[in-house]
Amino acid sequence: MSEEKETLNFIEHIIEEDLKTTHNKEGLCFRFPPEPNGYLHIGHASSICLNFGLGLKYNAPVNLRFDDTNPAKEEQRFVDAIKKDISFLGYSWTKECYASDYFQQLYDWALLLIKEGKAYVDSQSSEDIANQKGTPTTLGVAGPYRTRSVSENLDLFEQMKTGDAPEGAHVLRAKIDLESSNMLMRDPVIYRTLHKHHHRTGTDWKIFPMYDWTHGESDYIEQISHSFCTLEFLPHRELYDWFLDQLVDPVKLRPKQREFARRNLSHTLVSKRKLARLVEEGVVQSWDDPRMPTISGLRRRGYTAASIKNFAEGIGVGKRDNLIDVSRLEFSIREDLNKKANRVMAVLDPVKVIITNYPEGETEWLEAENNQEDPEAGHRQVPFSRELYIEKEDFREEANKKFFRLKLGKEVRLKNAYIIKAEGCVKDEDGNITEIHCSYDPKSKSGSGTQESLRKVKGTLHWVAIKEAIPVEVRLYDRLFTDPSPDTHKDKDFMDFVNPDSLTVITGYAEPSLKELAVEDTVQFQRLGYFTVDPETTEDEMVFNRTVSLRDSWARLAE
RNA sequence: UGUCCCAUGGUGUAAUGGUAACACUCCGGUUUUUGGUAUCGUCAUUCUAGGUUCGAGUCCUAGUGGGACAACCA
């Protein structure tokens with residue numbers, strides 16, 4: 001039974017190789033390093049599952065480290081949201097770290113660089129610096145301040161730190177190689193002045209380290225063995241290593257950066273900064289809008305942690321550009337919810353059915369199975385009476401043999417109830433059907449075991465008794481963008497592809513048992529899809545988000 | 001007119017240099033009180049050209065295609 005061969009992804013191959021050569025198992029340590037400038041999305045979920053999954057697999061620590069070096073964009077509320085999302089996914093971090101905790105150490109090391117002539121203060125404008133850097137195809141040239149003396153550099157850097165120098169007047173640059181084919185090695189800026197309030201250090205610091213100077217050194221301080229990031233940082237690796245070269249103690253573990261491809265999801269965006277635009281420009285309500293591919297949006301939509309983790313593990317990790325079809329994500333949530341979600345009945349586009357031979361004013365309570373996939377889920381009672389709602393699309397006056405639903409003169413089963421036959425219908429002056437008149441077979445009650453109840457009827461419909469039904473608000477979601485890859489068009493902005501119909505709000509009618517549900521509970525509206533209770537639910541009205549529809553092979557058949 | 005990265009079915013991911021596999025999607029059958037689920041099955045894959053080798057998806061070279069790199073962002 002246990003002979004399936006374990007296949008490793010390329011990240012695991014790297015670790016296994018390191019374990020054979022340079023590392024020992026006790027030294028393994030990973031980290032997840034978000035910048036608190038927005039909410040985490042499904043792409044981060046992949047990274048979280050990768051890093052924390054590695055921690056679990058190798059029994060190694062995994063730190064959560066906030067890369068908080070830019071007070072202009074970062075906020076405490078994002079820190080809180082990020083922690084909540086990771087916890088929701090079911091992971092716990094070994095240490096909660098902040099790059100800002102290392103500001104003093106980073107500063108001390110910067111002093112060292114200056115003293116060794118490996119860093120200098122540049123007092124030019126950012127435009128001049130950029131121009132001197134050249135382009136990917138032309139070499140950079142030295143600026144006038146590159147040869148400043150150590151003491152002058154020390155003095156100026158001190159003024160930057162104290163705030164005596166005006167904001168933006170100087171930067172500290174590493175002195176590396178202006179002719180490198182790697183633009184990042186052309187004397188990168190490592191400190192800039194920012195007279196802004198930082199969410200953790202307040203106004204203590206007036207200088208803030210740049211990403212490249214911060215990240216690898218933070219990894220080193222935390223003794224992270226493997227620092228995994230996305231492909232866009234591949235050119236940064238050379239710099240990462242150069243910085244480490246300047247200060248690493250050979251006795252200590254030297255972290256290594258390796259890169260994997262970001263996971264792109266079709267018909268949405270996997271970029272915090274672009275998602276921020278959707279929020280800022282009001283395309284969606286908030287970061288946790290159920291249409292958003294954020295972890296909190298998916299959660300509100302009804303996605304479970306298990307489904308997100310299964311998705312992340314299922315798609316794996318690689319090094320090539322990719323576009324994962326959103327159907328893979330939908331598969332994950334259906335798979336999970338099929339096992340977990342109780343079945344209930346709700347009608348979203350109602351038409352009235354009158355059971356003409358059923359006594360007026362009577363209500364009987366029928367037993368219904370909560371989830372046939374889970375025998376432990378138990379049963380509940382649903383009311384049945386003379387006037388019901390069914391879906392409009394479940395009735396046709398005439399139809400061919402492929403239409404298994406209700407049609408004139410034919411029988412259909414009402415789920416958990418009786419077999420009915422359509423006898424006639426009433427229309428308004430426009431020809432719209434307003435009432436369907438049916439007869440029912442009293443001996444056909446579901447579960448009664450009678451001959452009549454056992455007879456084969458091709459179609460089974462869901463329904464609600466009108467009198468007992470509760471009206472609920474139902475929010476139906478469609479893909480956020482009409483284009484599979486909205487942000488990869490050179491001549492068009494992704495905003496051009498926003499789907500104007502990504503949200504439809506309707507009123508549905510549900511069986512009364514739904515009143516028992518709490519926020520974030522998810523059920524299957526039988527034959528329709530999975531729906532979860534939204535936090536905006538009030539005493540007066542329940543609000544449901546459609547998580548995902550059921551697979552619908554009829555829809556394809558019917559064109 | 002640079003440097004670097006990548007290339008396996010429609011999609012994503014596997015395969016100590018030794019029979020190209022798994023999942024999703026699509027399509028079809030069976031079962032079914034959800035046109036759901038389950039289950040069975042069909043179609044479909046190593047970018048091109050050389051080279052190394054008994055043997056190449058894997059190693060080498062070139063080409064082709066795609067991507068990244070010129071923030072006081074991360």
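Below, chain A is the first sequence line, B the second, and so on; all start at residue 1.
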Given [N], is OP1 or OP2 found less than 4.0 Å from the side-chain N or O atoms of [X]?
{"X": "A/Thr69", "N": "B/A74", "value": "yes"}
{"X": "A/Lys415", "N": "B/U33", "value": "no"}
{"X": "A/Arg237", "N": "B/U3", "value": "no"}
{"X": "A/Arg556", "N": "B/C26", "value": "yes"}
{"X": "A/Arg527", "N": "B/G35", "value": "yes"}
{"X": "A/His195", "N": "B/C72", "value": "no"}
{"X": "A/Lys133", "N": "B/A71", "value": "no"}
{"X": "A/Arg551", "N": "B/C26", "value": "yes"}
{"X": "A/Thr214", "N": "B/A74", "value": "no"}

Stacking between A/Trp554 and the base of B/G35 (centre distance under 5.5 Å, interplanar angle under 30°)?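 Aromatic stack with B/G35 present for A/Trp554.
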
Give the rounded distance in Å between these two atoms: CG of A/Asn9 and P of B/A21.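 Distance, rounded to whole Å: 21 Å.
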
A/Leu8 near the nucleic acid: base, sugar-phosphate alone, or nothing, with a heavy-atom cut-off under 4.0 Å?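 Touches sugar-phosphate only.
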
Contact class for A/Val457 vs. all strands (heavy atom < 4.0 Å): base, sugar-phosphate, or nothing?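 No contact.
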
A/Phe10 or A/Pro209: which one's nearest nucleotide on RNA chain B is closer to the 5' end?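 The residue whose closest nucleotide sits nearer the 5' end is A/Phe10.
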
Between A/Leu528 and A/Ser126, which has a closest nucleotide on RNA chain B that is more 5'?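 Checking each residue's closest nucleotide, the 5'-ward one belongs to A/Leu528.
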
In the strands shown, is [N] matched to any nucleotide by a Watson-Crick or G-U wobble pair with both distances under 3.5 Å, and which?
{"N": "B/G57", "answer": "none"}
{"N": "B/A62", "answer": "B/U48"}
{"N": "B/U3", "answer": "B/A68"}
{"N": "B/C22", "answer": "B/G12"}

Determine whether the aromatic ring centres of residues [Y] and [X] are separated by less than 6.0 angstrom.
{"X": "A/Tyr211", "Y": "A/Phe233", "answer": "yes"}
{"X": "A/Phe384", "Y": "A/Trp365", "answer": "no"}
{"X": "A/Phe157", "Y": "A/Tyr107", "answer": "yes"}

Between B/G67, B/C69, B/G36, which nucleotide gets closest to the side-chain atoms of A/Lys490?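 When the side chain of A/Lys490 is considered, B/G67 is the closest of B/G67, B/C69, B/G36.
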
Minimum-distance nucleotide (side-chain atoms of A/Arg263 versus B/U13, B/U34, B/U25):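 My answer, after comparing the listed nucleotides, is B/U13.
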
Can you tell me which residue among A/Phe103, A/Tyr191, A/Tyr102 is in a ring-ring contact (aromatic ring centres under 6.0 Å, His included) with A/Phe208?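 The ring-ring contact (aromatic ring centres under 6.0 Å, His included) with A/Phe208 is passed solely by A/Phe103 among A/Phe103, A/Tyr191, A/Tyr102.
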
Would you say the base of B/U33 and the side-chain of A/Ser446 have a donor-acceptor pair closer than 3.5 Å?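 Indeed, a donor on one side and an acceptor on the other fall under 3.5 Å apart.
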
Return the orientation label for the A/Phe531 and A/Phe525 ring planes: parallel under 30°, perpendicular over 60°, tilted otherwise.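 Parallel: the ring planes of A/Phe531 and A/Phe525 meet at under 30°.
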
